[in-house]
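Next up is a structure, given as structure tokens.
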Amino acid sequence: MRERFFQNVYELVEKIPPGSVATYGQIALMLGHPRSARAVGFAMSGAPKERGLPCHRVLNQRGELSPEHVFGGRGVQRMLLEAEGISFLRDGRVDLRRHLWKPCV
DNA sequence: CGAATGACAATCT
DNA sequence: TAGATTGCCATTC
């Protein structure tokens, strides 16, 4: 099944170290799907947060997370990332240049 | 089986 | 450079 894609996404997201954030395109590219950023997001739509899946560390290319209502409240992701050590811009966006996850490390 | 949706990205104007 | 549009992949109806 293509669910393997889902599994891969979960595994990869789980591998994101604290203090770092990854974009959907970045994850998709790691999985070998340079154009499946949407699929990655969809995978998260059903991502069991109870699994410990740091979906709040997954952002879009804009440096902003998906609709806050997904996390259960607005401003929650900002607090979570902030607790991880993520720097937020005045725009309410994360500094990707500073926290974009680097698999090289 | 076919069409529509979705937490995006890239490209074109 | 900014804004708008199309395309892609996988899932669900």
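To find a chain, count down the sequence lines: A is the first, B the second, and so on, and within it residues start at 1.
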Salt bridge (charged side-chain N to carboxylate O under 4.0 Å, His left out) contacts in which one or both residues fall within residues 53-72 of chain A, not counting sequence neighbours: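 Applying salt bridge (charged side-chain N to carboxylate O under 4.0 Å, His left out) to every pair that reaches into residues 53-72 of chain A, excluding sequence neighbours, yields Arg57(A)-Glu84(A), Glu64(A)-Arg93(A).
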
Any residue meeting side chain to side chain contact (heavy atoms under 4.5 Å, CB included) with Leu80(A), in chain and number order, not counting sequence neighbours: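 Side chain to side chain contact (heavy atoms under 4.5 Å, CB included) check on Leu80(A) returns His56(A), Val76(A).
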
Partners passing salt bridge (Lys or Arg N to Asp or Glu O under 4.0 Å) against Arg90(A) (at least two apart in sequence or in another chain):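 So Arg90(A) forms no salt bridge (Lys or Arg N to Asp or Glu O under 4.0 Å) with any residue.
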
Rounded distance (Å) that lies between atom C1' of dG7(C) and atom CZ of Phe42(A):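 Going from Phe42(A) (CZ) to dG7(C) (C1'), I get 17 Å.
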
Results of side chain to side chain contact (heavy atoms under 4.5 Å, CB included) for Ser45(A) - residues two or more places apart only: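 Side chain to side chain contact (heavy atoms under 4.5 Å, CB included) check on Ser45(A) returns Phe42(A).
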
All pairs passing side-chain hydrogen bond (donor to acceptor under 3.5 Å, both in side chains) where residues 31-40 of chain A contributes a residue, at least two apart: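 As it turns out, there is no side-chain hydrogen bond (donor to acceptor under 3.5 Å, both in side chains) pair with a partner in residues 31-40 of chain A once direct neighbours are skipped.
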
Shortest non-hydrogen contact between Pro54(A) and Gly52(A), atoms and distance: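 Scanning both residues, the minimum pair turns out to be CD-O, 3.0 Å.
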
Spacing between Phe5(A) atom CZ and dG6(B) atom P, to the nearest angstrom: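 In whole Å, dG6(B) P lies 18 Å from Phe5(A) CZ.
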
Nucleic acid contacts - residues 76-96 of chain A versus DNA chain B, non-hydrogen atoms under 4.0 Å: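 Correct list: empty, so none.
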
Value in whole Å for how far the P atom of dT11(C) lies from CD of Gln7(A):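 So the CD-P distance, Gln7(A) to dT11(C), works out to 11 Å.
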
Listed once per pair and sorted, the ring-ring contact (aromatic ring centres under 6.0 Å, His included) pairs that draw on residues 57-85 of chain A, sequence neighbours left out: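 Of all non-adjacent pairs touching residues 57-85 of chain A, none passes ring-ring contact (aromatic ring centres under 6.0 Å, His included).
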
Whole angstrom value for the distance that separates P of dC8(C) from CG of Leu31(A):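 These atoms are roughly 19 Å apart.
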
dA4(B) and dT6(C), which share atom name P, separated by this distance in whole Å: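 It comes out at 16 Å once rounded to the nearest Å.
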
Report all interatomic pairs (protein N or O, nucleotide N or O of nucleotides 8-12 of chain B) with separations under 3.5 Å.
{"unit_1": "dC8(B)", "atom_1": "N4", "unit_2": "Arg38(A)", "atom_2": "NH1", "d": "3.0"}
{"unit_1": "dA9(B)", "atom_1": "OP1", "unit_2": "Gln61(A)", "atom_2": "N", "d": "2.9"}
{"unit_1": "dA9(B)", "atom_1": "OP2", "unit_2": "Gln61(A)", "atom_2": "N", "d": "2.8"}

Which residues share a side-chain hydrogen bond (donor to acceptor under 3.5 Å, both in side chains) with Ser66(A), sequence neighbours left out: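 Testing Ser66(A) for side-chain hydrogen bond (donor to acceptor under 3.5 Å, both in side chains), a comparison that skips the adjacent residues, returns Tyr24(A).
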
Rounded distance (Å) that lies between atom P of dA10(C) and atom CE of Met44(A):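 To the nearest whole Å, that distance equals 16 Å.
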
